[in-house]
Amino acid sequence: MDEKLTIAEAENTYIDDLNTLGDWFLEYEYLLAISADLPHIPKEERTAERRVKGCQTGVWLLLRYEDGRVRIAADSDALIIRGIISIAVFLLDGRTPREICAYTPRYVEQTDIKAQISTDRFHGIQSVIEEIKRFAAQQLEGGAQ
């Protein structure tokens, strides 16, 4: 049986991949490539309520809770931000609220990403993760595991 990696184990693979590349242009290409696997949110679902506050560019989150797991869809107008948030989605989608609430993101700070993006964009990425964690915490408060 192939067990799913923990969030930390999965995050380590992204950190290792990015740090192995050692060149921002290659890292940028990597982020664009992984963002291609992130489904787009249809324009009609990109509502003001789903737009993440604190993001410099348009970022939308669709969060739902089903079968004991948090399901996450995200999208952005900015390609680099789409790539960066795709890592958060790949790490957290399908996890339990408890796993998500215990998560402390490391992939932005332990790679060149933080040095290559503006402070506003860094805070926007933090806002995406905080919103996902807030949603997970609401599920816990409602009795989820």
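Everything numeric here is computed off the predicted structure, so don't read it as measured data.
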Next item on the list: Group every Ile, Leu, Val, Met, Phe, Trp and Tyr by side-chain heavy-atom contacts under 4.5 Å, then state whether Ile34 and Ile72 land in the same group.
Entry: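 Yes, Ile34 and Ile72 fall within the same hydrophobic cluster.
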Note to self: Are Leu38 and Leu62 linked, directly or through intermediate hydrophobic residues, by side-chain heavy-atom contacts shorter than 4.5 Å (ILVMFWY only)?
What the structure shows: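 Leu62 does not cluster with Leu38.
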Is there a side-chain contact between [X] and [Y] (heavy atoms, below 4.5 Å)?
X	Y	value
Ile80	Ile84	yes
Trp24	Ile113	yes
Ile87	Leu31	yes
Arg69	Glu99	yes

Margin query: Using only atom types and a distance under 3.5 Å, with no angle test, would you say the side chain of Arg95 pairs donor to acceptor with the backbone of Ile100?
Written below: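 Answer holds: no.
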Item checked: Non-neighbouring partners of Glu109 that pass salt bridge (Lys or Arg N to Asp or Glu O under 4.0 Å), sequence neighbours left out ->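 Partners of Glu109 by the salt bridge (Lys or Arg N to Asp or Glu O under 4.0 Å) criterion, ordered by chain and then number, come out as Lys114.
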Next item on the list: Tell me, please, which residues at least two apart from Asp77 pass salt bridge (Lys or Arg N to Asp or Glu O under 4.0 Å).
Entry: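 Once residues adjacent in sequence are excluded, the partners of Asp77 under the salt bridge (Lys or Arg N to Asp or Glu O under 4.0 Å) criterion are Arg46.
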Check: Salt bridge check: are Glu131 and Arg50 linked by an N-O gap of less than 4.0 Å?
Finding: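 A salt bridge is absent here (no side-chain N lies under 4.0 Å from a carboxylate O).
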Item checked: His123 vs Glu130, side-chain contact (heavy atoms from CB on, under 4.5 Å): CA-CA, chis, key distance, verdict -> CA-CA 10 Å; His123 291 303; Glu130 287 169 9; over 6 Å; no
Notebook entry, point to check: Out of curiosity, Ile129 CD1 to Thr104 OG1, how far, rounded to the nearest 0.5 Å?
Noted result: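 Answer rounded to 0.5 Å: 10.0 Å.
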Counting only pairs under 3.5 Å, give me each side-chain donor-acceptor contact of residues 6-13, with atom names and distances, residues two or more places apart or in other chains.
| unit_1 | atom_1 | unit_2 | atom_2 | d |
| --- | --- | --- | --- | --- |
| Thr6 | OG1 | Glu9 | N | 3.0 |
| Thr6 | OG1 | Glu9 | OE1 | 3.4 |
| Glu9 | OE1 | Thr6 | N | 2.9 |
| Glu11 | OE1 | Arg106 | NE | 3.2 |
| Glu11 | OE1 | Arg106 | NH2 | 3.2 |
| Glu11 | OE2 | Tyr103 | OH | 2.8 |
| Glu11 | OE2 | Arg106 | N | 2.8 |
| Glu11 | OE2 | Tyr107 | N | 3.0 |
| Asn12 | OD1 | Arg106 | NH1 | 3.0 |
| Asn12 | OD1 | Arg106 | NH2 | 2.8 |
| Asn12 | ND2 | Ala8 | O | 3.3 |
| Thr13 | OG1 | Ala10 | O | 2.5 |

Check: How are the rings of Tyr14 and Phe90 set relative to one another: parallel (under 30°), tilted (30 to 60°) or perpendicular (over 60°)?
Finding: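 Correct class here is parallel.
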Notebook entry, point to check: Under the side-chain contact (heavy atoms from CB on, under 4.5 Å) criterion, do Leu63 and Arg71 qualify, and how do the steps go?
Noted result: CA-CA 6 Å; Leu63 301 168; Arg71 303 309 312 214; over 6 Å; no
